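Below is one structure; the comments refer to it alone.
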Amino acid sequence: MAKLLVTGGSGFIGSNFIRYWQARHAQDELVNLDLLTYAASGDDAPSNGARSKLRLIKGDIADPATVRRAMKGVKAVVHFAAETHVDRSIQNSQIFLKTNVLGTHTLLEAARQNGIQKFVYISTDEVYGSIEKGSFTEYSQLRPNSPYAASKASGDLICRSYWVTHNLPVMVTRCCNNYGPYQFPEKVIPLFITNLIEGKKVPLYGDGMNVREWIHALDHARAIERVMEAGEPGEIYNIGTGQEIPNVELAGKILKALGKGGESIERVKDRPGHDFRYSLDSSKLKKLGWSPEIEFEKGLKDTIGWYRTHESWWKKIKGKGAFKTYIKKQYAGRAR
Ligand code: NAD
Ligand code: DAU
């Protein structure tokens with residue numbers, strides 16, 4: 001039996017990870033340290049017996065006292081908590097630096113003082129920047145382009161320094177774009193699905209030719225589990241699927257699944273500094289025995305089905321004043 005600290009466990013990927021971990025490691029105790037920001041959309045209501053081994057601490061990863069309390073008796077840390085939306089980081093990046101850089105540092109420092117045996121930092125493919133052809137390996141240069149990506153890269157590098165300088169057993173994962181249930185409807189897939197269900201248009205940035213590599217959040221959870229079981233301290237692992245698709249094609253698939261046509265696309269001004277393409281070489285992790293199991297067409301179909309059957313969940317989020325204000329600020333007057 002082990003005690004695991006998960007940060008950001010009430011967010012999209014963190015909550016999917018917790019559900020996966022509970023199903024596979026029912027004996028483990030889990031502490032979820034989450035500030036419950038606007039993005040804490042994951043369902044953390046108890047749903048089975050194993051859930052009683054899950055404790056939520058509402059608090060900030062950048063607060064040393066809270067972090068010390070959350071880390072008591074903990075053996076391993078999986079650190080998801082972050083500000084995660086690129087467009088919000090373009091509007092205002094201060095909180096990104098506080099949470100993603102100082103918060104990560106606070107956790108590392110507490111982990112060092114508490115003799116943590118495994119610290120997994122959930123980084124992102126965005127730290128590499130954009131690539132026209134080929135794929136990034138773990139040795140590629142870091143060239144982050146958005147304030148969000150730069151803050152994640154900073155956290156990633158501080159992790160490295162704690163391994164090299166303090167011998168803290170840190171492992172870093174850099175994953176591609178996730179999709180699946182409980183993703184906050186500001187991100188492209190849930191925004192497009194829910195807009196179409198509501199009879200609205202979908203805002204496609206620029207020429208729609210930007211390419212993203214997609215992974216289901218459950219395949220991501222499996223990859224993190226593999227890294228925790230077989231990864232080497234100090235190492236970095238890319239997590240990608242090779243399932244790359246330009247945004248306009250992605251929009252086309254979602255439109256088709258929901259019985260809509262091209263007239264439901266609204267072309268809007270491009271995102272400033274918009275990365276053209278992300279692509280990861282994940283052979284290092286594959287050598288540890290991981291490979292993705294959820295094929296994109298099937299995963300997307302299931303995800304669309306999930307949003308169809310969970311309207312009350314996302315309508316509550318989209319109905320909030322703060323969400324409406326964000327959408328207005330982000331999209332108003334941007335039609336091309
Ligand atoms: P999310 O925005 O859905 O959830 C983030 C969670 O962190 C929320 O529950 C929020 O309340 C919590 N949080 C924010 N600030 C906090 C703070 N100061 N203290 C404690 N908790 C705080 O994010 P996500 O999409 O689930 O991403 C999780 C992690 O995975 C992030 O580190 C992100 O950079 C990384 N990642 C995401 C993707 C993706 O496609 N979404 C891909 C690769 C890596
Ligand atoms: O690659 C991993 C990253 O993926 C994570 O580190 C981030 O936390 C996560 O938010 C995600 O970043 P992206 O910027 O790639 O995701 P987003 O859903 O915001 O956008 C995906 C693509 O869709 C991108 O090319 C921009 C485009 N887009 C997005 C929105 C919100 C649109 O065309 N219209 C939109 O309204």
Side-chain angles (χ1 to χ4, degrees), residues 6-17 32-42 44 56-63 66-67 70 78-90 95-96 98-100 102-104 106-107 121-128 130 144-146 148-149 151-152 155-156 173-180 182-192 195 201-215 217 220 224 239-240 245-248 250-251 265-271 274-280 327 330-331 334:
V6 178
T7 72
S10 302
F12 161 49
I13 305 173
S15 65
N16 276 286
F17 174 82
N32 169 21
L33 172 58
D34 196 302
L35 189 55
L36 303 182
T37 69
Y38 81 93
S41 53
D44 62 0
L56 169 69
I57 297 182
K58 181 178 186 270
D60 191 339
I61 55 164
D63 176 44
T66 304
V67 167
V78 187
H79 172 30
F80 294 96
E83 288 293 330
T84 62
H85 194 37
V86 172
D87 291 324
R88 287 186 192 255
S89 83
I90 295 167
I95 188 69
F96 285 75
K98 180 173 182 245
T99 296
N100 302 356
L102 296 180
T104 298
T106 305
L107 285 166
Y121 174 69
I122 309 301
S123 188
T124 167
D125 59 359
E126 298 203 15
V127 298
Y128 297 117
S130 184
N145 291 318
S146 70
Y148 159 71
S151 69
K152 288 296 293 185
D156 190 316
T173 63
R174 296 179 181 153
C175 190
C176 62
N177 280 63
N178 283 231
Y179 70 98
Y182 294 108
Q183 186 166 29
F184 195 81
E186 64 188 351
K187 306 285 166 64
V188 73
I189 289 185
L191 178 72
F192 282 17
N195 272 13
K201 293 190 177 192
V202 298
L204 188 65
Y205 294 169
D207 62 7
M209 293 313 291
N210 302 64
V211 174
R212 294 294 181 267
E213 180 179 4
W214 291 99
I215 187 171
H220 189 181
I224 297 166
I239 307 174
I245 177 166
N247 294 335
V248 66
L250 171 68
I265 293 183
E266 180 176 23
R267 302 269 179 175
V268 299
K269 272 191 203 128
D270 210 352
R271 172 186 279 174
H274 195 176
D275 283 332
F276 173 64
R277 173 174 173 258
Y278 303 136
S279 177
L280 294 173
I327 291 289
Q330 178 61 21
Y331 297 101
R334 283 187 64 186

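All ligand and atom numbering here is 1-based and tracks the order in the structure. This is a predicted model, so every value here is computed, not measured.
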Between ligand 2 and Leu191, is the shortest N or O to N or O distance under 3.5 Å?
no
Sub-3.5 Å N/O-N/O distance, Tyr331 and ligand 2
yes
Check for me whether Phe80 has a heavy atom closer than 4.0 Å to any atom of ligand 1. yes
So Val6 and Phe17, do their side chains get closer than 4.5 Å, heavy atoms only?
yes
Short N or O distance, Tyr148 and ligand 2, threshold 3.5 Å exclusive: yes
So the atoms of ligand 2 within less than 4.0 Å of a heavy atom of Leu204 turn out to be 33 (O)
Query raised in the report: Considering distance alone, does some N or O of Phe192 sit under 3.5 Å from an N or O of ligand 2?
Result: no
### Task
Please verify whether a non-hydrogen atom of Cys176 lies at under 4.0 Å from ligand 1.
yes
Ligand 1 to Asp60, heavy atom cutoff 4.0 Å, flagged ligand atoms 17 (C), 18 (N), 19 (N)
Give a yes or no on whether the backbone of Cys176 and the side-chain of Asn178 come within a donor-acceptor separation of less than 3.5 Å.
yes
shortest atom 43 (C) of ligand 1-to-protein heavy-atom contact is with Cys175 O, 3.4 Å
Review point. Has Ser10 got any heavy atom lying under 4.0 angstrom from an atom of ligand 1?
Key: yes
From the list Lys187, Arg271, Arg334, salt bridge (Lys or Arg N to Asp or Glu O under 4.0 Å) with Asp87 holds only for Arg271
State if Glu186 counts as touching ligand 2 under the rule of any non-hydrogen atom under 4.0 Å. yes
Any heavy atom of Glu126 under 4.0 Å from ligand 1? The part involved is neither
Check: of Asp156, Asp34, Ile239, min heavy-atom distance to atom 9 (O) of ligand 1 comes from Asp34
*Hey, are Tyr179 and Arg212 close enough side-chain-wise for a donor-acceptor pair under 3.5 Å?*
no
Heavy-atom proximity to atom 13 (P) of ligand 2 ranks first, among Arg88, Glu126, Arg334, Glu213, for Glu126
* Asked: Would you say Tyr148 contacts ligand 1, with heavy atoms under 4.0 Å as the rule?
  -> yes
Checking the N or O distance criterion of under 3.5 Å, is ligand 2 in contact with Asn177? yes
inquiry  = Does any N or O of ligand 1 fall below 3.5 Å from an N or O anywhere on His220, backbone included?
reply    = no
- Task: Using a 4.5 Å cut-off on heavy atoms from C-beta on, say whether the side chain of Gln330 contacts that of Glu186.
- Result: no
Practice item. Determine whether Ile122 and Ile13 make a side-chain contact, defined as any pair of heavy atoms from C-beta on separated by less than 4.5 Å. Key: no
To the nearest 0.5 Å, atom CD1 of Ile189 lies from atom CG of Asn247 at 9.5 Å
Report task. Give a yes or no on whether the backbone of Ser10 and the side-chain of Asp34 come within a donor-acceptor separation of less than 3.5 Å. Result -> yes
Of all heavy-atom pairs linking Ser130 and Phe276, the shortest is OG-N, 2.9 Å
The closest protein heavy-atom partner of atom 34 (N) of ligand 2 is Pro203 O, 2.7 Å
query = Where the side chain of Glu213 meets the backbone of Leu280, is there a donor-acceptor pair that is under 3.5 Å apart?
reply = yes
Any heavy atom of Asn247 under 4.0 Å from ligand 2? The part involved is side chain
His79 N/O under 3.5 Å from ligand 1 N/O = no
- Task: Look at ligand 1 and say whether Ser123 reaches it with a heavy atom at a distance under 4.0 Å.
- Result: yes
Quick one: does Ile61's side chain get under 4.5 Å of Leu35's, heavy atoms only? no
Atom 1 (P) of ligand 1 has as its nearest protein heavy atom Thr84 OG1, 3.7 Å
Here the atoms of ligand 1 under 4.0 Å from any heavy atom belonging to Gly59 are 19 (N), 20 (C)
Return a yes/no value for Ala81: is any of its N or O atoms, backbone included, closer than 3.5 angstrom to an N or O of ligand 1? no
Atoms of ligand 2 under 4.0 Å from any heavy atom of His85, numbered from 1 in the order shown, are 19 (O)
Thr37 heavy atoms within 4.0 Å reach ligand 1 at atoms 10 (C), 11 (O), 14 (C), 15 (N)
### Query
Is any side-chain heavy atom of Thr66 closer than 4.5 Å to a side-chain heavy atom of Asp60?
no
Contact region, Thr84 to ligand 2, non-hydrogen atoms below 4.0 Å, reads both
Nearest non-hydrogen protein atom to atom 20 (O) of ligand 2, with distance, is Arg271 NH2, 3.8 Å
Arg267 and Gly206 have their tightest heavy-atom pair at NH1-O, 3.9 Å
- Judging by distance only, is a nitrogen or oxygen of Trp214 under 3.5 angstrom from one on ligand 2? no
A student checking ligand 1 against Asn177 at a 4.0 Å heavy-atom cut-off should list atoms 40 (O)
Item to check | Any His274 heavy atom less than 4.0 Å to ligand 2 | outcome: yes
The option among Asn100, Ile13, Asn178 carrying the non-hydrogen atom nearest to atom 37 (C) of ligand 1 is Ile13
- Heavy atom of Thr7, distance to ligand 1 below 4.0 Å: no
**Prompt:** When you check the side-chain N and O atoms of Tyr148 and Glu83, is any donor under 3.5 Å from an acceptor?
**Reply:** no
Atoms of ligand 1 under 4.0 Å from any heavy atom of Leu36, numbered from 1 in the order shown, are 11 (O)
The answer for which part of Thr99 has a heavy atom under 4.0 Å from ligand 1 is side chain
Nearest non-hydrogen protein atom to atom 21 (C) of ligand 2, with distance, is Val188 CG1, 3.6 Å
When distances are taken from atom 33 (O) of ligand 2, the protein heavy atom at minimum range is Tyr205 N, 2.9 Å
Near Asp125 (heavy-atom distance under 4.0 Å), the atoms of ligand 2 are 1 (O), 2 (C)
Taking only non-hydrogen atoms of Lys187 and a 4.0 Å limit, the atoms of ligand 2 in range are 10 (O), 18 (O)
Check this for me - ligand 1, Gln183, N or O atoms closer than 3.5 angstrom, yes or no? no
#### Entry: Worked check of side-chain contact (heavy atoms from CB on, under 4.5 Å) between His220 and Ile224
CA-CA 6 Å; His220 189 181; Ile224 297 166; 3.6 Å; yes
